[in-house]
Amino acid sequence: MCSLDFKNIYELTVATILSAQCTDKRVNIVTPDLFKKYPDFESLFKSDLTDLMKVIKSTGFYRNKAKNLKALGTLIMQEHNGVLPDNLESLILLPGIGRKTANCVMGNGFGIASGVVVDTHVKRLSYRIGLSDNKDPEKVEKDLIKIIPKKKWIIFSHYLILHGRAVCKARKPECDKCRLYDHCLRRLT
DNA sequence: CTCCCGATAT
DNA sequence: ATATCAGGAG
């Protein structure tokens, strides 16, 4: 139905940072204006922080996100020759990028399966279905890595997120419509 | 663990 | 009114 809109690695990275605790629908409303004004890491580096906050305000956590985006542009330009690193360890060290965002950029941007993206949906569905009892996303990821073949890591997260948004919702899961009903540990009977 | 935070669904 | 949204940093 809906996912983040992006044309390149830069846009994917920025959109994913903005998507923290925010719907991708809302991110997609903001990014056309954002990418017109700030089309690359260099423009983030040179950006006016107040203006950046204004543009991304509706995505929430806008002060932290704007600060992180400017710091990210600065670091990429000054320490990485203007190029986003293509390995998980380096990505995680960048401002605003944690494990979830790093795995997302690696998989969807560079096409490299560095791990399983564990966001709020993947965490919730993994618990409900019975794939992991852990609450720490990093531990959930370790459990999933054991179960899912590496070639399916990227598509697996996409499917769980789509299923989590459409059927196995946080508030009111529609178990009667669920195709995993027979396999689910915690279905509502 | 707490804080960051606006928009939307329930 | 409250829970939730492709989380991350201190």
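The chains referred to below are lettered A, B, ... by the order of the sequence lines, with proteins before strands, and numbering in each begins at 1.
No donor-acceptor pair under 3.5 Å is formed between the side chain of A/Lys65 and the backbone N or O of A/Ile17. Panel note: side chain A/Ser157, backbone A/Val117; a donor-acceptor pair is recorded below 3.5 Å. In this structure a side-chain-to-backbone donor-acceptor pair under 3.5 Å is missing from A/Arg26 to A/Gly60.
Atom-to-atom, CG of A/Leu69 to P of C/dA9 comes out at 12 Å; the value is rounded to the nearest Å. A straight line from NZ of A/Lys123 to C1' of C/dT4 spans 12 Å, rounded to a whole angstrom. Rounded to an integer number of Å, the gap from CG of A/Asn68 to P of B/dC5 is 11 Å. We find that CG of A/Leu93 is positioned 14 Å from C1' of C/dG8, with the value rounded to whole Å. Rounding to whole angstrom units, NZ of residue A/Lys67 and C1' of B/dC5 are separated by 13 Å. Put simply, NZ on A/Lys54 is 17 Å from P on B/dC5, counting in whole angstrom units. Atom CG of A/Leu4 is separated from atom P of C/dC5 by 15 Å (rounded to the nearest Å). Protein atom NZ of A/Lys65 is 8 Å distant from nucleotide atom C1' of B/dC5, rounded to whole Å.
Residues A/Ile129 and A/His183 have side chains not in contact (no heavy-atom distance under 4.5 Å, counting atoms from C-beta outward). Between A/Ile147 and A/Ser132, the closest side-chain pair of non-hydrogen atoms is not below 4.5 Å.
Using a 4.0 Å heavy-atom criterion, one finds that A/Thr101 contacts the sugar-phosphate atoms exclusively. Within 4.0 Å of A/Ile56, counting heavy atoms only, lies no atom of the nucleic acid at all. Contacts of A/Pro137 with the nucleic acid, taken as non-hydrogen atoms under 4.0 Å apart, are absent. Among the protein residues, A/Ile97 comes within range of the sugar-phosphate backbone only, with heavy atoms under 4.0 Å from sugar or phosphate atoms but none that close to a base. Residue contacts shown for A/Thr16 are absent, as no nucleic acid heavy atom lies under 4.0 Å away. Residue contacts shown for A/Lys57 are limited to sugar-phosphate atoms, with no base heavy atom under 4.0 Å away. Among the heavy atoms of the strands lying under 4.0 Å from A/Val117 is at least one base atom, whether or not backbone atoms are also near.
One donor-acceptor pair, N or O on each side, does fall under 3.5 Å between the base of C/dA3 and the side chain of A/Arg171. Taking only distance into account, the side chain of A/Arg165 never meets the base of C/dT4 through a donor-acceptor pair shorter than 3.5 Å.
Within a 6.0 Å radius of OH in A/Tyr159, no more than 12 heavy atoms belonging to other residues, nucleotides or ligands are found. In the displayed structure, A/Arg186 atom CZ is contacted under 6.0 Å by more than 12 heavy atoms of other residues, nucleotides or ligands.
With distances taken from any side-chain atom of A/His121 to the nucleotides C/dA6, B/dA7, C/dG7, the minimum falls on C/dA6. Residue A/Lys169 places its side chain closer to B/dT10 than to any other of B/dT10, C/dG7, C/dC5.
OP1 or OP2 of B/dG6 has not a single side-chain nitrogen or oxygen of A/Ser58 nearer than 4.0 Å.
Comparing the same atom, P, in B/dA7 and in C/dA9 gives a spacing of 24 Å after rounding to whole Å. C/dC5 sits 12 Å from B/dC5 when the C1' atoms are compared, rounded to a whole Å. If you take atom P in C/dA1 and the same atom in B/dC4, they sit 22 Å apart, rounded to whole Å.
When the nearest nucleotides of DNA chain B are assigned to A/Gly60 and A/Lys172 by heavy-atom distance, the more 5′-ward of the two goes with A/Gly60. Comparing A/Leu94 and A/Arg124 along DNA chain C, the residue whose closest nucleotide (by nearest heavy atom) sits nearer the 5' end is A/Arg124.
In this structure, A/Glu11 CD and A/Asp40 CG are separated by 10.0 Å, a value rounded to the nearest 0.5 Å.
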Could I get a table of every N or O pair under 3.5 Å where one atom is in the protein and the other is in nucleotides 1-4 of chain B?
none

Item to check | Chi angles and distances behind the salt bridge (Lys or Arg N to Asp or Glu O under 4.0 Å) call for A/Lys37, A/Asp51 | outcome: CA-CA 10 Å; A/Lys37 266 188 162 178; A/Asp51 180 67; 2.9 Å; yes
